[in-house]
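I have placed the structure first, in the form of structure tokens, so that the comments after it can refer back to it.
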There are 2 protein chains.
Amino acid sequence: MRVPKRERQRQLEMSLEQNPFLTDEELSKQFKVSVQTIRLDRLECGIPELRERLKTVAARTMDAEVKSLQSDEVIGEIVDIELDKRAISIFDVTDDHVFRRSGIARGHHLFAQANSLAVAVLDDDLALTVTSTLNFLKPVKSGDRVIARATVDKERSNEKRTYVDVVSTVENETVFTGEFQMYQTTNHSRSEVK
Amino acid sequence: MRVPKRERQRQLEMSLEQNPFLTDEELSKQFKVSVQTIRLDRLECGIPELRERLKTVAARTMDAEVKSLQSDEVIGEIVDIELDKRAISIFDVTDDHVFRRSGIARGHHLFAQANSLAVAVLDDDLALTVTSTLNFLKPVKSGDRVIARATVDKERSNEKRTYVDVVSTVENETVFTGEFQMYQTTNHSRSEVK
DNA sequence: TCCGGATTAGCACTTGGTACTAATACCAGT
DNA sequence: ACTGGTATTAGTACCAAGTGCTAATCCGGA
């Protein structure tokens, strides 16, 4: 018993985690044991065969791609919108969004939710952020559901600039506020003639 | 010939694009033709078999996961850093980062690069953004290489707050500036005794 | 020396295919 | 109605990467 069984199985799990594409035969060469031993090891560790592994990995992709497609439009999910007036979006914070050490959500996710909502609320071919001022008031944690409310500030807005205020809350506590000065390009004449 | 061959093959391609997990047998039921016909169709359309399809889909996942792991640390790549003083990162803008219609980079990516650089430059267990003010000066397009330079403003900083200024440029033109007021938690005494 | 866990070997069977051949179906033109 | 050509179906042999099972062998320690 060169390498003890236990150690080999540990390494096997790591190998497959890092590269799930390895066949039993390739693994048997890597660990210099027979294919049968690899099979027994997988059996003991509850590791499925190559095809099953690829199936689950591929399934993860399809998931992720659907998600990232959503996020192409807006970060978070718009639940209510009245164009050029106000909009509300929900963003569920997961482990993917937080600092590993502190568990606190990274600022740019809150910003992304707010900023993309500010863009969405303006019914325009093209709305760009010019300047913005942000306040991160309370740390947001994994599992929190952040509700962002955007309102267009008609008073301050003019032909060249539109102001959008966003307030994000978790369980009715304000965690973030942002003020966005937006630039709109559109031949906006239709709604301009009000 | 109920459904013409051409039409069936078109639908087949769409079906598999949307769900690559279908076996020939499942497809043959879906289209009410024999398994062999499905095989011929795949052959003519150059569609690989189930296992090959899953392999490529799974490969895409692994790729994507490596990328998103990188981004767990910093958005962009740090090329130079002097802790508590300054840092530089590079971020290559791709089609994934821009508005489809205008081709202009979405603000939150520029913010994410700047903000994560501001976090990284502070040699601390935990640095959080408190407030920040941003200026998006020039539109950034796909293919642009954004260089963000962060400098810690020692003058304005105090025990409670650290100020980090970030200037992002594309080909020596400033496209974005951000001022970040950061909060640090660490028992920071070591470097505090300067 | 003998026991027992670890390892290896071998065989039948499974999925989801490829590659190929042969048979049939269907429809149009003459 | 006959012929031709495309489309479809059927059937066979074979492959990769397995599972499941049985049997043989190895190797180290009391």
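Quantities reported herein were computed from a predicted structural model and do not represent experimental measurements. Lettering follows sequence order; numbering is per chain, from 1.
Distance, A:K55 NZ to D:dA17 P: 16 Å, rounded to whole Å. Here the C1' atom of nucleotide D:dT19 and the CG atom of A:D41 are 16 Å apart, to the nearest Å. The separation between A:E44 atom CD and C:dA6 atom C1' is 9 Å, rounded to whole Å. Between A:I47 atom CD1 and D:dA17 atom P there is a gap of 18 Å when expressed in whole angstrom units. Spacing between atom CG of B:L54 and atom P of C:dT15 amounts to 17 Å, rounded to whole angstrom units. B:L50 has its CG atom 13 Å from the C1' atom of D:dA16, to the nearest Å. Rounded to whole angstrom, the span from the CD atom of B:E49 across to the P atom of D:dC14 amounts to 19 Å. Counting to the nearest Å, the C1' atom of C:dT18 and the CZ atom of B:R53 are 14 Å from each other.
Cation-pi geometry between A:R161 and A:Y183 is not met at under 6.0 angstrom from the ring centre and within 45 degrees of the axis.
Judged by distance alone with a 3.5 Å cut-off, no donor-acceptor contact links the side chain of B:R51 to the base of C:dG17.
Annotation: ring pair (Phe, Tyr, Trp, His ring centres under 6.0 Å) contacts involving residues 13-51 of chain B, sequence neighbours excluded, are absent. Sorted by first and then second residue, the pairs that involve residues 133-163 of chain A and meet ring pair (Phe, Tyr, Trp, His ring centres under 6.0 Å), not counting sequence neighbours, are A:F136-A:F176. Residue pairs meeting the salt bridge (charged side-chain N to carboxylate O under 4.0 Å, His left out) criterion with at least one member in residues 25-39 of chain B, sequence neighbours excluded: B:D24-B:R39.
Within residues 6-25 of chain B, the residues that have a heavy atom under 4.0 Å from DNA chain D are, in order of number, B:R8. Contacts between residues 32-40 of chain B and DNA chain C, defined by a heavy-atom separation below 4.0 Å, involve B:R39, listed by number.
With sequence neighbours excluded, no residue forms a side chain to side chain donor-acceptor pair (under 3.5 Å) with A:S28. Applying the side chain to side chain donor-acceptor pair (under 3.5 Å) rule to A:N19 yields no partners; only residues at least two apart in sequence or on another chain are considered. Not counting sequence neighbours, the partners of B:H97 by the ring pair (Phe, Tyr, Trp, His ring centres under 6.0 Å) test are B:F91, B:H109. In terms of the salt bridge (charged side-chain N to carboxylate O under 4.0 Å, His left out) criterion, B:E17 has no residue partners (sequence neighbours excluded).
Using a 4.0 Å cut-off between a side-chain N of Lys or Arg and a carboxylate O of Asp or Glu, A:K138 and A:E173 qualify as a salt bridge.
Contact annotation for B:R42: backbone-only contact, meaning every heavy-atom pair under 4.0 Å involves sugar-phosphate atoms and none involves a base.
Distance from the side chain of A:K5 is smallest to C:dT7 among C:dT7, D:dA16, C:dT18.
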